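Take a look at the structure set out below.
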Number of protein chains: 2
Amino acid sequence: MKAKHENTESEILEAAKTVFQQKGMAGSRMQEIADKAGINKAMLHYYFRSKQMLFEAVFKNAFKLLAPQLKKVLDEDADLFDKIRGFTNSYISFVIKHPYLPNFIIQELNKTPDFIERLRADKDFPNIEKFKLQVEDNVNRGVIKPISGEQLFINIMSLNILPFIAAPLFKGFLDANDKEYRVLMDQRKTEVAEFIINSIRL
Amino acid sequence: MKAKHENTESEILEAAKTVFQQKGMAGSRMQEIADKAGINKAMLHYYFRSKQMLFEAVFKNAFKLLAPQLKKVLDEDADLFDKIRGFTNSYISFVIKHPYLPNFIIQELNKTPDFIERLRADKDFPNIEKFKLQVEDNVNRGVIKPISGEQLFINIMSLNILPFIAAPLFKGFLDANDKEYRVLMDQRKTEVAEFIINSIRL
DNA sequence: ATCTTTGTTAACCAAATGGTTAAACTGTAT
DNA sequence: ATACAGTTTAACCATTTGGTTAACAAAGAT
C-alpha cells in the first residue's frame, strides 16, 4: 500500500534523533518521539521493535556522520599543518549543523562503553595508523618537535570538541552570553590551529 | 532519638552520588539509591523530599569539589607557567579520585543549562578576571605570544578534561585497552603542560 | 511512667512507560 | 468485486516509578 506518510521510517528516525540526542536514551520517551513524528506510538514498535533498537539505529546514524569528520585528520593526504587547519576550521561548521551530536555520542558511549566494539566492525571506522606514520615522518624530518601521533590526535580533538560539549560550563565561568560565546568559538576557527602548530613547529 | 545509622543523611548522599554520577538524573532510580544506602525508599523522601532535590544536593556537592581544582588556574598567585604545570599535573589525580564527576557536571549542565545561574550565586564560584589580567600582563611583558585569557583558559581545560570524558571514544580510535590508555594519560601529566607552554612561549 | 519528637518501615497509590493486540484502512494484484 | 499484503490506529496491559501514609520504634524531656 501507499504509506500515509511518504516515508514513515525516516520520519521516525528524524524525530528519534532529535529527542535522543537532546535527552539521551534514559531521558527519552517513546510517546514524545511518536508525537514529534506525528504518528501512533505503535508505529515505533512496528518499524523498530523496541526502544533499544530504535536508539541503536539513531546512534549508528550519528556516528556515521561524525566519522568522516575525523577522517579529515586521520586519512587524508594533506600536509600535517594544513590538515590541522582544515579540521579545526571545518569542525565548527559541523557542530553548528549538528549541535547535540558529539555530546550525544560521547555521553552514550560512557554509559555503554562496549558499544564501540560494534562500531569498530564497520569498514568506515576511523583508523589512526596512517596519521601516526605522518606524525612520525614529520618528527624525523625535523619539521615538528617530538610527539606521538596519539597525543597529537588527542590534543587536536580536545581543543576542538570540548568547547562545544562544555559550553554551558564555560559560559558560566567566562560569564559570557550565547552571542559572546559564539564570538569566542568563531575566533577559535583559526586560533586553535595556530595554537597547535605553534606548539609543535620546530 | 539515636539514628539506626550513624548518619543516614550522608549515607544517602554517598549512595545517590554513586548512582547519579554513573547513570545521570534520568537514568537513576530512587529504589536503587535506597538499596545502595541500605535503607527504605521512604527515607530518601524524608530527608530530601523529592528526587529533584536529592539530585540537586548531589550536584552541588560535586561542583564544590570541582571548583577548587579550577581555582588553581584562576586564583592562585603562582607564575603562569607554573600554574599550567601545576593544574595539569594535579587534575589527573583528581580525576582518578572522582572518575565520573567532570562528565556528570558537564552532562547535567547540558540538560539544564540554567542550573549554572544558581551555582554562580555561590561565593566560591570560580572567577576568571584575575587570570585574564595575569595573561594580559605576561603578553605585555613579552613572556608569551598574544592570546586572550579566555582562549588560554579554554585550551587548558580542553586538553585536560576531554581525554577523560571521551575516554571510551578515544580508546576505540586508538585501539587501546584500559592499561594502555592509562599510560597515555600518565604521559599527559607532564606533556600537556609543555604542549601549552611551547605554544605560547616567546 | 508517659508524653513528645525524630527516625524508620511496610504497604500502598496514581501516573507514566514500554510494549502488545486486534481491528481497520489502503493500494494492488487476481 | 475480492482477496491480499503492508500500514496505521485505538485500546489495552503489565511493570516500573516517584511519592505518600499510617503505624511503629527509640530516645529524651517532663
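Predicted, not measured: the structure shown is a model, and the values here were computed from it. Every chain is numbered from 1, with letters handed out A, B, ... down the list of sequences.
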Over how many whole Å does the gap from [X] atom [atom1] to [N] atom [atom2] extend?
| X | N | atom1 | atom2 | result |
| --- | --- | --- | --- | --- |
| B/Y47 | D/dG18 | OH | P | 20 Å |
| B/I12 | C/dG7 | CD1 | C1' | 11 Å |
| A/F48 | D/dT7 | CZ | P | 13 Å |
| B/Y46 | C/dA10 | OH | C1' | 17 Å |
| A/L44 | C/dT17 | CG | P | 14 Å |
| A/H45 | D/dA10 | NE2 | P | 16 Å |
| A/E9 | D/dT8 | CD | P | 11 Å |
| A/M43 | D/dA10 | CE | P | 12 Å |

Problem - Partner set under side-chain hydrogen bond (donor to acceptor under 3.5 Å, both in side chains) for A/D77, not counting sequence neighbours - result: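 side-chain hydrogen bond (donor to acceptor under 3.5 Å, both in side chains) check on A/D77 returns A/K130.
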
Problem - Partner residues of B/K64 under the side-chain hydrogen bond (donor to acceptor under 3.5 Å, both in side chains) criterion, sequence neighbours left out - result: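 B/K64 satisfies side-chain hydrogen bond (donor to acceptor under 3.5 Å, both in side chains) with no other residue.
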
Practice task
Before accepting this row, confirm whether a basic side-chain N of the pair A/K23/A/E32 lies closer than 4.0 Å to the acidic partner's carboxylate O.
Solution key: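 A/E32 and A/K23: salt-bridged.
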
Practice task
Mind listing the residues from residues 26-35 of chain B sitting with a heavy atom below 4.0 Å of DNA chain C? Number order is fine.
Solution key: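 Here the set is empty: none.
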
Partners of [X] by ring-ring contact (aromatic ring centres under 6.0 Å, His included), sequence neighbours excluded?
| X | result |
| --- | --- |
| B/F131 | none |
| A/F94 | A/H98 |
| B/F63 | B/F125 |

Exercise for the section: Would you please name every residue forming a salt bridge (Lys or Arg N to Asp or Glu O under 4.0 Å) with B/E129, sequence neighbours left out? Expected result: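 Scan of B/E129 (salt bridge (Lys or Arg N to Asp or Glu O under 4.0 Å), adjacent residues dropped) gives B/K132.
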
Practice task
Enumerate the residue pairs fulfilling salt bridge (charged side-chain N to carboxylate O under 4.0 Å, His left out) with a member in residues 40-56 of chain B, sequence neighbours excluded, ordered by first and then second residue.
Solution key: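 The answer is B/E56-B/R118.
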
Exercise for the section: Give me the bend of the helix from C/dA1-D/dT30 to C/dT30-D/dA1, using the axes of the five pairs at each end, rounded to 10°. Expected result: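 The value is 20°.
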
Exercise for the section: Respond yes when some side-chain nitrogen or oxygen of B/T8 is under 4.0 Å from OP1 or OP2 of C/dT8, and no when none is. Expected result: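 The answer is yes; a side-chain N or O of B/T8 sits under 4.0 Å from OP1 or OP2.
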
Without placing hydrogens or testing angles, list every side-chain donor-acceptor pair under 3.5 Å for residues 99-116 of chain B, not counting sequence neighbours.
from	atom 1	to	atom 2	distance (Å)
B/E108	OE2	B/M25	N	3.1
B/N110	ND2	A/I165	O	2.7
B/N110	ND2	B/I106	O	3.2

Pairwise N/O distances under 3.5 Å, protein to nucleotides 11-14 of chain D:
none

Handout entry: Donor on one side chain, acceptor on other, A/D35 and A/Q31, under 3.5 Å
Key =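 On atom types as modelled, these side chains qualify, holding a pair under 3.5 Å.
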
Exercise for the section: Using the ring-ring contact (aromatic ring centres under 6.0 Å, His included) rule, collect all pairs that involve residues 18-43 of chain A, keeping only residues at least two apart or in two chains. Expected result: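 For residues 18-43 of chain A: A/F20-A/F55.
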
